[in-house]
Protein chains: 2
Amino acid sequence: MTVGDNSGMQRNTRQRAAILETLSRQDDFRSAQQIHEQMKADGETVGLATVYRNLQVLSRSDRLDVLVAGDGEALYRQCEDTGHHHHLVCRECGRTVEFLAPKLENAMTAIAHEHGFTDVDHTLEVFGLCSDHAEGGVETR
Amino acid sequence: MTVGDNSGMQRNTRQRAAILETLSRQDDFRSAQQIHEQMKADGETVGLATVYRNLQVLSRSDRLDVLVAGDGEALYRQCEDTGHHHHLVCRECGRTVEFLAPKLENAMTAIAHEHGFTDVDHTLEVFGLCSDHAEGGVETR
DNA sequence: CTGCTCGTGAGAATGATTGTCATGACGCTC
DNA sequence: GAGCGTCATGACAATCATTCTCACGAGCAG
């Protein structure tokens, strides 16, 4: 029964370092496949399965944020804030802004409690058009 | 370039009626496959592809709510409120409560605007343990 | 250095969802 | 009620993201 911290048990592999390095250069959410392609383009030789495995491990240890897209694809991003926060994502260019909203958190928890729910958790993501893609002239839909 | 409303063009098929009927008897979110199995168990003969197609059509016309589970699977539910609303879902039994939170909506929109985002939309789902599954002794984490 | 184990890689396997296409069912007209 | 154009259906193949398998190589402790 090894309690808690097993981060010391992880080995330091070239591949994991490369994945983190690649992520640190991305600003928006990317799929595992996109990240893999990016790495190949950068001359890194890393297997796709390895990318998947590491993204999983990293997100589990909160070093990465996961966002499930509308079509069910998982998107990853290395966030500045390692604590609980939400995202404001431009649906045109993927530009992402992190934000905190303690009032929202509390309000949601309150609502949950009103209905007798405990141990509350939630997913909240906001999508919109960033200033560079505000609809004014060029409509893409 | 056929504009807008083609909802009048949909035909009334036995299959679609059966799917709606099945959904109306469910209280929680179910996957397309689960719905298909349920129907088979009820003696309905409907193809899986047909179930998928109809769930899509119905959700597109807002007669059904879709919830993308953590693993990317799409879950469907017939909600009482046909307008914009959110869900409070018990992560143990799937029991679902619908709720409105206009304050949250406004707050989120405000935050988005502060960052220059427009045409804002969002996804918000709350997960917890309902009164029947409140943790009192048995900790699952 | 030596060995134990975990991480990796290539490809197969899985599982949900979508595409294909011939046949059947709707709803309309006569 | 029959005929007809069209959309919907069903069986199965195809796709796509993700996970599994398993032999091999690379960290790291002794």
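Only a predicted model underlies this, so the values are computations on that prediction, with no experimental measurement involved. Labels below follow one simple rule: chain letters A, B, ... track the order of the sequence lines, proteins then strands, and each chain is numbered from 1.
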- [ ] Using whole Å, report how far CZ of A:R30 lies from C1' of D:dA17.
- [x] 18 Å
Open item on the list: Closer than 3.5 angstrom, by distance alone: can the side chain of A:Q78 be matched with the main-chain N or O of A:S24 as a donor-acceptor pair?
Closed with: yes
Open item on the list: So for the helix from C:dC1-D:dG30 to C:dC30-D:dG1, with five pairs setting each end axis, what is the inter-axis angle to 10°?
Closed with: 30°
Open item on the list: Using a 4.0 Å cut-off on heavy atoms, which residues in residues 52-66 of chain A reach DNA chain C? List them by number, or say none.
Closed with: A:R53, A:N54
Open item on the list: What is the separation between atom CD on A:E73 and atom P on C:dT17, rounded to the nearest whole Å?
Closed with: 14 Å
Task: Among C:dA10, C:dT17, D:dT18, the one nearest B:A74 by side-chain distance - done: C:dT17
Task: Side-chain donor-acceptor pair present, A:H36, A:E44, cut-off under 3.5 Å - done: no
Open item on the list: Categorize A:S31 for me: base, sugar-phosphate, or nothing, with a 4.0 angstrom heavy-atom threshold over every strand shown.
Closed with: nothing
- [ ] Please report, rounded to the nearest Å, how far the P atom of C:dA16 is from the CD1 atom of B:I35.
- [x] 13 Å
Task: Whichever of B:Q15 and B:Q33 has its nearest DNA chain C nucleotide further upstream toward 5' - done: B:Q33
Open item on the list: Run the salt bridge (charged side-chain N to carboxylate O under 4.0 Å, His left out) test on B:R77 and B:E98 for me, step by step, so that the C-alpha distance in whole Å, both residues' side-chain angles and the decisive distance to 0.1 Å come before the verdict.
Closed with: CA-CA 11 Å; B:R77 180 177 191 263; B:E98 301 171 32; 3.0 Å; yes
Open item on the list: With a 4.0 Å cut-off on N to O distance, would you call A:R30 and A:D28 a salt bridge?
Closed with: yes
Open item on the list: Could you tell me if B:E80 and B:H85 have a donor-acceptor pair between their side chains, going purely by distance under 3.5 Å?
Closed with: no
- [ ] Grab the CG-P distance between A:L48 and C:dG7 for me, whole Å please.
- [x] 18 Å
Task: A:H122 side chain to A:H84 side chain, donor-acceptor N/O pair below 3.5 angstrom - done: yes
- [ ] Could you state the atom-to-atom distance from CZ of A:R16 to C1' of C:dG9 in whole Å?
- [x] 15 Å
Task: Protein proximity profile, nucleotides 24-30 of chain D - base contact B, sugar-phosphate-only contact S, no contact -, cut-off 4.0 Å on heavy atoms - done: --BBS--
Open item on the list: Same cluster or not: A:V120 versus B:V97, using hydrophobic residues (I, L, V, M, F, W, Y) connected whenever any side-chain heavy atoms lie under 4.5 Å apart?
Closed with: yes
Open item on the list: Let me check something: do B:F117 and A:F99 share a hydrophobic cluster, defined by ILVMFWY side-chain heavy atoms less than 4.5 Å apart, either directly or through other members?
Closed with: yes
Task: Flag side-chain contact, heavy atom, 4.5 Å: B:I35 against B:L55 - done: yes
Task: Distance-only side-chain donor-acceptor flag, A:Y76 / A:Q56, under 3.5 Å - done: no
- [ ] Indicate, with yes or no, if A:V66 and A:L20 share a hydrophobic cluster defined by side-chain heavy-atom contacts under 4.5 Å among Ile, Leu, Val, Met, Phe, Trp and Tyr.
- [x] yes
